[in-house]
Every structure is written in C-alpha cells, then in structure tokens.
Amino acid sequence: MSHTRVRFAPSPTGPLHMGGVRTALYNYLFAKKTGGKFLLRIEDTDQKRYVDGAEEYIMEALKWCGILWDEGPDTGGGYGPYRQSERKDLYHQYALQLIKSGHAYYAFDTPEELDAMRKQLEAEKGSNPQYDSSSRMQMRNSLTLSDDEGNHLLGSQEHYVIRIRMPEDEEVLVNDLIRGEVRVNSNLLDDKVLFKSDGMPTYHLANVVDDYLMKITHVIRGEEWLPSAPLHVMLYRFLGWETATPRFAHLPLLLKPDGNGKLSKRDGDRLGFPVFPLQWKDPNTAEISSGYREAGYFPEAFVNMLALLGWNPGTDQEVFSMEELIHEFSLERVGKSGSKFDPEKAKWFNHQYLQSKSIGEISQQVAAQLEKNGIQADSTKIESVAALMRQRANFIDELCEQSMFFFKAPETYDPTFAKKRWKEETPGILNEVSGLLKELNPFDAQTIDAALHHYMEESGHGAGKIMPGLRLALVGSGTGPDVKDIMAIIGKEETISRIEKAVLIVSH
RNA sequence: GGCCCGUUCGUCUAGGGGUUAGGACGCAAGGUUUUCAUCCUUGUAACAGGGGUUCGAAUCCCCUACGGGCUACCA
C-alpha cells in the first residue's frame with residue numbers, strides 16, 4: 001500500500017476561518033494516523049483576490065494550533081513548489097493536452113457575450129443557463145469557429161479561455177468516504193473554465209494537476225466542493241490519470257450558533273466570539289477581526305473543540321490531546337450533517353485545559369498577564385494564587401481579573417454586600433480577630449483556620465458574623481475563595497492592614 | 001429555478017431492526033453547614049412528517065417538508 005498523502009490547500013484571500021482550521025486539522029490527523037504526509041499548498045491562482053499577509057497568517061495560525069506540515073512553501077519537499085503561482089508554467093501543457101485529446105476547447109466569448117447568453121437562455125428555457133453541451137455550439141469557440149478563424153484569434157492576442165468539453169449523458173460517479181456514492185449525469189455539468197485568459201489555471205485544473213503531481217491519495221475538503229467533485233473526477237479521467245484519482249472526503253460545514261447558514265465573520269461580531277484562530281487586521285480596511293489566541297484560548301482547547309465538531313470517537317471521552325486525537329481519528333466517524341458552533345462549549349473546553357495544565361505553566365502566563373496590568377509579584381505567590389483560583393476561571397485573564405485583590409488592597413467596598421453583611425458589631429469583631437491574627441506564627445491557612453474557629457467558639461459568634469466582614473475587608477466584595485486562604489497568601493502584615501483600613505472606612 | 005448533500009434533547013452527539021433512546025454543554029433544583037464560583041447529585045429535554053418493508057423500526061426503502069451547499073475567466 002502506498003503512503004497516504006493529503007493536503008490542505010487554502011487560498012490566501014484573508015484570514016483562515018475556523019472551519020478551514022478544522023479541515024486542516026482533519027487532514028493532519030488523517031495523515032498522522034495513517035503514517036502519511038500532510039502538505040500545505042497555497043492556492044493563489046486568483047491574483048485579484050490575493051491579500052497581503054494572508055499566507056503568513058495561515059502558516060502562523062496552523063503552527064499555533066500545532067498542525068504542522070511535512071511539505072509546504074516554507075519547508076519545501078520533493079514535490080514543490082507549493083505555491084500555485086510558482087507552478088504557473090506547469091498548467092498550460094495539461095490544458096493543451098486536453099484540447100489535443102478533444103476534451104477541451106478554446107472559447108473567445110467576452111464577459112458581455114456570456115452575460116447575454118445567460119439572459120437569453122433564461123428567457124428561452126426559463127432556467128438554468130449554462131455553458132454546456134446544449135449551448136456551446138451557439139458560442140464563439142474553437143468548436144464553432146473555423147480553424148482559420150480560431151488560429152487567427154489565438155494568434156492575434158485575443159483573450160481566450162480553455163473550457164472542458166463535458167460529454168453528453170454520462171454518469172459520473174464520485175466515491176465519497178463520508179457520503180458514499182454520489183452520482184451525477186454529465187448533462188447537468190457545465191463546460192467549466194479550466195484556464196483563464198490571464199494565463200492562470202482555475203482552481204479546478206490546478207487542484208487536479210497538483211494533486212496528481214504531488215501524489216495526493218485523499219482529498220479531504222469542505223462540503224462546498226462536493227458539487228464540483230464530478231468535474232474533478234472527469235478531469236482525472238480525461239488527463240489519463242483515472243487510476244490515480246484520490247479518494248474524496250467532503251466534510252460537513254460549520255454552522256452559525258443560532259439560525260441557519262454557515263458560520264461567518266458576521267456571526268462572530270454579532271454574538272461576541274472569534275471565528276478566526278488569530279487576530280487579523282485587514283491591510284486594506286484596517287478592520288480588526290478577533291482571534292481565539294488573543295481571546296485567551298489555549299491552542300489545545302481550540303483544537304480539541306474543533307475536532308469534536310463533526311467528528312466523535314464513539315466513546316464518552318471529550319478531552320483529547322493531539323496525540324490522542326491522532327490515535328483515535330478516523331474519517332468513518334465524521335458525521336454527515338453540519339454542526340452549529342457553540343461558543344459556550346468552547347469556553348468549557350478551555351476551562352478543562354486550565355485545570356489540567358501544570359501550575360508552572362499557568363503561573364507563567366498569569367505572571368505575563370499581571371505584568372501587562374502593571375503588577376509584579378514573586379513567582380511563589382503567583383503560583384499559590386494560580387493554584388487557588390484557576391478552578392473558578394475559564395481563561396488566564398479571567399483568573400487574573402478575579403485575583404487582583406491578592407496584589408492590590410481594595411480601594412472600594414461593594415455597598416450592596418456591605419449593607420447586607422456589615423453589621424454594627426462587625427468592626428469590634430474584626431478588631432478582635434485582627435489582634436488575634438497578629439500573634440499567629442506560622443501564618444498559614446491551617447493555623448489561621450484553627451485560630452478563627454477557636455475565636456468563634458470563645459466569642460460565641462457564628463461564622464456568618466465574622467467571615468463576610470473579613471471577606472469584605474480583604475477582597476472589597478463578597479466573592480472569592482476561603483478567607484483563610486486569602487490571608488495566608490497575602491500575609492500577616494497585609495491582612496492586618498486591610499482589616500484596619502476596612503474598619504476605618506466601611507463604618508464611615 | 002436547477003443540481004447535490006443533509007435532518008436524534010436548545011447545542012455537540014452515541015445509536016447501524018428488539019435500548020427505560022446514552023453521554024456532554026447549557027439551563028433548573030439540592031448538597032459541599034461564610035460569599036461568589038468550582039465540584040458532586042438529581043432533574044429538564046430529542047428520533048421533522050407521512051407511507052411502506054418487517055413479528056418488530058431512530059435504525060432499511062420511497063415521498064413530502066424543512067435546512068444547507070453549489071450554480072463566476074473565486075477558491
């Protein structure tokens with residue numbers, strides 16, 4: 001059995017959509033699972049739509065996700081170049097080959113003529129105007145023109161395209177790994193342009209030629225390509241590569257969380273979640289689109305979430321490392337129907353990873369985030385805070401936000417909580433507690449806890465009389481972890497000082 | 001309009017003739033005897049509709065409805 005070779009072939013027309021990332025991921029998983037190669041090929045045959053920085057963005061995004069290619073524009077490989085614009089000279093000969101074998105022809109129709117044809121056909125037939133076997137003989141092409149005329153036009157620098165000559169009434173079979181056999185009659189297929197007047201191939205020709213030359217064994221791509229798959233099958237046949245036709249797998253689409261339709265950038269803006277892996281700034285409009293990386297997602301969580309959107313292992317397991325995904329993945333377990341993206345579940349995945357990462361790694365990121373907010377602290381303290389606070393958060397920045405009081409004494413006190421829990425006797429109690437805390441040594445959570453309980457017994461005050469006041473003094477609000485843990489982390493001096501300050505301020 | 005693909009809790013999904021239709025997210029209630037979270041427990045909720053096939057259909061077939069994709073000298 002020959003080695004599997006799959007490719008991800010994005011077009012550098014902008015940032016990579018998360019649906020595109022998922023396509024890349026499934027290709028990658030399939031390649032690694034089967035011990036094959038994963039290649040990255042840039043499909044930049046449309047120079048009009050080329051966007052500066054898009055190619056770099058795609059590569060950076062894939063790398064961030066840990067989706068690494070074995071062959072690609074930067075890494076090279078035995079089948080390069082991996083940018084279609086650099087393969088430009090390759091394609092013409094195959095178009096020519098098709099013309100010679102009678103499977104393609106030159107067409108000279110101008111855009112205006114094509115437009116007129118469509119309008120006329122629409123009027124005549126009521127619908128479905130196509131450049132196909134039924135209409136091609138009414139157009140200006142090498143089939144209808146005399147050889148002399150045709151040659152003259154070709155020689156006179158007149159713009160022309162090369163179209164496939166779709167045969168009449170033939171059944172075209174696409175064998176799809178996900179959907180089974182899809183049959184289409186060739187009468188429904190039109191004479192698609194294969195070679196454009198600008199000297200570039202269209203996607204259809206280029207992807208078939210490159211897949212063949214790059215020895216691609218499996219084409220795993222989005223469902224939007226299913227309608228043109230029969231055309232690609234025909235191309236393999238006409239080029240004489242029928243036995244080398246790759247297996248196809250058309251992936252279901254990623255849908256918007258509400259309503260219908262595929263997930264778009266608009267939905268992200270509207271519902272407040274990123275649809276791109278990385279932040280992107282449009283070089284033309286300067287418009288900024290948010291990314292998962294900048295939103296605080298771990299790449300592992302992002303990838304994990306994406307993997308489960310359309311694929312499942314058939315077990316209850318939901319958290320997967322990349323290694324596990326590679327081990328478990330199979331195209332057979334990819335679903336057929338589109339998946340609505342659920343931003344809430346995405347957060348849940350990040351929460352899972354925030355819990356399972358090492359304290360060291362979490363602390364490092366917390367420290368970096370704190371520094372951005374102008375806070376420096378020693379790593380031991382940050383580690384304690386991270387360990388105590390991470391289970392309450394989904395993201396690093398959320399963790400930091402909720403942990404600010406560890407590093408800065410409260411300047412205001414939540415009035416609602418104060419009104420409810422700060423009683424007349426509270427200052428007195430807090431003064432007693434603070435006096436007691438002064439004597440504690442060591443000042444750790446266990447000792448503090450014991451002292452607090454001892455005080456409760458002695459004084460007869462219940463926890464409800466003591467704790468809320470302490471919390472307000474330490475945090476400034478009614479939220480947070482156990483007060484004894486807070487005290488232990490901020491230390492004796494700071495604890496005493498915050499209590500004294502609160503006693504002074506909260507009671508007015 | 002035409003062609004193609006699809007349809008199980010609100011969402012992601014398991015299920016491949018016989019199940020109390022399972023899990024997860026979300027939501028709700030209770031618990032962890034200070035809060036807010038986390039966490040644990042419980043609950044909530046689905047086979048689009050109609051015909052077949054069969055002793056028996058979520059599972060197989062057909063039709064309808066609905067949804068989506070494609071229908072460029074874009075990918």
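These numbers come from the heavy atoms of this one structure, side chains and all, not from hydrogens, waters or symmetry mates. Residue numbers begin at 1 in each chain, while the letters A, B, ... track the order of the sequences.
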- Message: At less than 4.0 Å, is any side-chain N or O atom of A:Asn312 found next to OP1 or OP2 of B:U13? Yes or no.
- Response: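 No, outside the criterion.
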- Message: B:U13, OP1 or OP2 - any side-chain N/O from A:Ser339 closer than 4.0 Å?
- Response: yes
Under 3.5 Å donor-acceptor, [X] side chain and [Y] backbone:
| X | Y | answer |
| --- | --- | --- |
| A:Lys423 | A:Lys420 | yes |
| A:His17 | A:Phe276 | no |
| A:Arg247 | A:Ile220 | no |

To the nearest Å, how far apart are [X] [atom1] and [N] [atom2]?
| X | N | atom1 | atom2 | value |
| --- | --- | --- | --- | --- |
| A:Leu188 | B:G2 | CG | P | 11 Å |
| A:Gln402 | B:U38 | CD | P | 10 Å |
| A:Lys340 | B:C66 | NZ | P | 17 Å |
| A:Leu354 | B:C39 | CG | P | 11 Å |
| A:Leu399 | B:U38 | CG | P | 14 Å |
| A:Arg179 | B:C70 | CZ | P | 13 Å |
| A:Lys119 | B:G1 | NZ | P | 21 Å |

- Task: Go through the steps for A:Tyr106 and A:Tyr160 under the test ring-ring contact (aromatic ring centres under 6.0 Å, His included), then give the verdict.
- Result: CA-CA 6 Å; A:Tyr106 293 106; A:Tyr160 67 88; 5.1 Å; yes
So which nucleotide does [N] pair with, by the Watson-Crick or G-U wobble rule with both distances under 3.5 Å?
| N | answer |
| --- | --- |
| B:A24 | B:U11 |
| B:U54 | none |
| B:G30 | B:C40 |
| B:U35 | none |
| B:G16 | none |
| B:G67 | B:C5 |

- Message: Parallel, tilted or perpendicular, judged at 30° and 60°: which one describes the rings of A:Phe341 and A:Phe273?
- Response: tilted
- Residues A:Arg22 and A:Asn27: side-chain donor-acceptor under 3.5 angstrom: no
- Query: Considering residues, nucleotides and ligands other than A:Gln446, do more than 12 of their heavy atoms fall under 6.0 Å from its CD?
  - Reply: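 Check fails, neighbour count at 12 or below.
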- Message: Take a 6.0 Å sphere around CD of A:Glu424 and say whether it holds more than 12 heavy atoms from other residues, nucleotides or ligands.
- Response: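 Atom CD in A:Glu424 is not packed in, count stays at 12 or less.
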Polar atom pairs between nucleotides 41-45 of chain B and protein, under 3.5 Å, N or O only, would you list them?
none

- Message: Quick check: A:His232 with A:Tyr203 (ring centres under 6.0 Å apart)?
- Response: yes
- Message: On RNA chain B, does the nearest nucleotide to A:Arg333 precede the nearest nucleotide to A:Gln352 from the 5' side, or the other way round? Give the residue.
- Response: A:Arg333
Salt bridge between [X] and [Y], side-chain N to carboxylate O under 4.0 Å?
| X | Y | result |
| --- | --- | --- |
| A:Glu223 | A:Arg179 | yes |
| A:Asp191 | A:Arg163 | no |
| A:Lys347 | A:Glu344 | yes |

Looking across every strand, which nucleic acid part, if any, lies under 4.0 Å from [X] by heavy atom: base, sugar-phosphate, or nothing?
| X | value |
| --- | --- |
| A:His250 | nothing |
| A:Lys262 | sugar-phosphate |
| A:Gly462 | nothing |
| A:Gly478 | base |

- Looking at A:Phe329, A:Trp311, A:Phe8, which one forms a ring-ring contact (aromatic ring centres under 6.0 Å, His included) with A:Tyr26?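 Result for ring-ring contact (aromatic ring centres under 6.0 Å, His included) with A:Tyr26: A:Phe329.
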- Of the nucleotides B:C5, B:G69, B:U38, which one has an atom closest to the side chain of A:Glu223?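 Within the option list, the nearest is B:C5.
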- Of the listed B:A24, B:C4, B:A14, the closest approach to the A:Val182 side chain comes from B:C4
Distances for protein N/O vs nucleotides 73-75 of chain B N/O pairs under 3.5 angstrom?
residue	atom	partner	partner atom	Å
B:C73	OP2	A:Arg163	NH2	3.4
B:C73	O2	A:Ser197	N	2.8
B:C73	O2	A:Ser197	OG	2.6
B:C73	N3	A:Ser197	OG	3.0
B:C73	N4	A:Asp109	O	3.3
B:C74	OP2	A:Lys196	NZ	3.2
B:C74	O2'	A:Asp46	OD2	2.9
B:C74	O2'	A:Arg49	NE	3.1
B:C74	O2'	A:Arg49	NH2	3.2
B:C74	O2	A:Arg49	NH1	3.4
B:C74	O2	A:Arg49	NH2	3.2
B:A75	OP1	A:Thr45	OG1	2.8
B:A75	OP1	A:Lys196	NZ	2.9
B:A75	OP2	A:Tyr203	N	3.1
B:A75	O3'	A:Glu43	OE1	3.2

Between N or O atoms, less than 3.5 Å apart, protein on one side and nucleotides 26-34 of chain B on the other: list the pairs.
residue	atom	partner	partner atom	Å
B:U34	O4	A:Asp482	OD1	2.8

